[in-house]
Amino acid sequence: MNQVPGCRQVRDEVMSGRTTCAHVAKNAIDIIRTVDESLGCYHEVFDTEVLETAEALDRQVADGKDPGPLCGVPIAIKDNIATRSGRTTCSSRMLQEYRSPYDATVIRRLKDAGALLVGKTNCDEFAMGSSTEHCAWGPTRNPWDTDRVPGGSSGGSAAAVAAGTCSGALGSDTGGSIRQPASFCGCVGLKPTYGRVSRFGLVAFGSSLDQVGPFARNTEDAAMLLEVISGYDPNDSTSADVVVDPFSENLDRPIENLRIGVPVQMMSDRNDPGVNARIEEAIDVYRSMGATITSVDLPLTDYGISTYYVIAPAEASSNLARYDGIRYGHRCTQQPGETLEDLYSRSRSEGFGDEVQRRIMLGTYVLSSGYYDAYYKRALQVRRLIKEEFDRAFNECDILLGPTSPMPAFGIGDDMDPLQMYLCDVYTVNTNISGHCGISLQAGFTDSGNGLLPVGLHLQAPPFQEHRLLRAARMFESATAHHEAVPENSPG
Ligand code: GLN
C-alpha cells in the first residue's frame, strides 16, 4: 500500500535532493484522493495551496537554504485548530462557514518549520466524544476495519496518519482525544503537559484540560513535531515558560534503571483480554531491557471519570456560551415577532448536535447556584487530590504504564449510551486532570473475532518530562516491530 513517508524520512530525502517537496505533496494528495472517500478523515484538502507551498520550499532548497526541520512534511490538522486556510468548523453546523482570520500558534510554528498543511480532519463536534461519530458531516472509519470507529475525538487525524495519507497530524486532548484514537488506529499519539503547547487558536472545550499534541507513525516523528509546536507563547497566558528540550535528540539512548509503575486500577479484568495480554507482553519487554516494574496503587484515579465529567462540561458550557448566533456561529432564520431569547435558543438548538447540548446542560447544572458547591467545587477538590496522588507515584517511579483504552475499536453505530461512551476515557482522563504528559504506542493486536485490531500502550511521565516519556517509548519501539504494521485492509 502506498503511504506518505514519515516526517524524518521526508525531511532527509528532500534535503538530500532525493525527492522534492512538490513530489511529496502530489503523492500525498493522490493518496488522500484514493483513500479518503471510504475513510472520511478530511473535511477539506488544501490541494492547490499545498502544491504552491511545496514549490516555494523547493526553490529555497535549490538555493541552498534550509527551510526548517519539517521541510516538505505533509501534516493534517484537526478541524478545531484555527487555520487561515479553509474553514475551522469543529465538525459543527454552528461553525459550518467559519473562516478564521488568523492561524493558531501551532499552525504558525508548523509553517515556519516548513511543513505542508494538507487539510483539516474530522472530529467529534467541539472535540466532545470518543468515536468521531458525533460529527455534522458523518463519521470517520477505522483503516484497520472500516466498520469500526477510529476513536475520538481526534479520529480523523489518527486515521489519516494510520492510513498513510500524511506524515503526521495534530489533534487535541482534553480527556484522551489524542491517545485513545491513536490506540484504536495503531499509531503514536502524545498529550503534552498542560502549558507545554500554546492553546492560542485551539477552539476551547475545557480550557484547564485542553492540549494540542502530535500524531505520528513512530516516536521519532512525534518528537520532531512536538519540538516544533512546543514553547511559551505570549498569546496564551497558560503556556509555560519552560525550556523546550530537543526531544528528538538522544531518543535512542535507553533510560538506565528505568523504574516503571503499573497502576493496579488499569489492569482490570474488565479490560478486553487481548488488551491485557499485550500490556503484559510490553511489561516483559521493558523488564528484559533492565527496567524495574512495580505495582502502584492509585485509588483516587477511580474518581477520574466522575471528576472529569463535572469539570469538562462546566468549562464547556462557559466556553460555548459565545455561540449565540449573533457574535459567533449559526443564526436561525428569524421569524416575525421573535424575541432575542428565541433567537438564541433556536440558533443554538439548530447549530449544536445532541452530545454538545448534553454537555452544555450538564455543565450549566453543575455550575448553577445551589449545586456549585456539591458538584463543581467538590470536583476541583478531588482534582487536587488526584494530582497529589500522581505526584507521590512519580516520586517512586519514572514512568507509569498501562493500557490506553480498556477495549479496542468498537463498531460504528454500536448502541452505546452516553455513559458507556464516557467510560472509554477511564484510563486517559486522569492525565488531563493532573496535567502531566502521556503517550499511546502501538503494542500489537487483539482478535475481534472478525480480524485484528490495534491495542495501545499508555505511558505517562511527570510534568514537562516529555523527553523521558519519548525515550521510554522509543525503548519499546526499538525492541518490537509493532509500529511498522500498516493496515492492509485500508482502501488505499
Ligand atoms: N472523550 C472525552 C470527551 O468526550 C475526551 C474528549 C477530548 O479529549 N477532547 O470529553
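Atoms within each ligand, like the ligands themselves, are counted from 1 in listed order. Heavy-atom basis, side chains included; hydrogens, waters and symmetry copies ignored. Bear in mind the structure is a predicted one, so any value in this text is a computation, not a measurement. Residue numbers count from 1 along this sequence.
With sequence neighbours left out, the side-chain contact (heavy atoms from CB on, under 4.5 Å) criterion links V203 to N80, T88, C90, F126, Y323. For E388, there are no side chain to side chain donor-acceptor pair (under 3.5 Å) partners, not counting sequence neighbours.
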Donor-acceptor contacts under 3.5 Å from residues 445-458 side chains, at least two apart:
| residue | atom | partner | partner atom | Å |
| --- | --- | --- | --- | --- |
| T446 | OG1 | D272 | OD1 | 3.0 |
| D447 | OD1 | G449 | N | 2.9 |
| S448 | OG | N450 | N | 3.1 |
| S448 | OG | G451 | N | 3.4 |
| S448 | OG | G451 | O | 2.8 |
| H458 | NE2 | R179 | NH1 | 3.1 |

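The existence of a salt bridge linking D173 and K191 is excluded, since no basic side-chain nitrogen approaches an acidic carboxylate oxygen closer than 4.0 Å.
Ring geometry for W137 versus H43: interplanar angle over 60°, hence perpendicular rather than tilted (30 to 60°).
Dense packing is recorded around CZ of F476, with more than 12 heavy atoms of other residues, nucleotides or ligands lying under 6.0 Å away.
Listed by chain and residue number, the protein contacts of ligand 1 are A127, M128, G129, S130, S153, D173, T174, G175, G176, S177, F205, Y308, Y309, R359, D425 (heavy atom within 4.0 angstrom).
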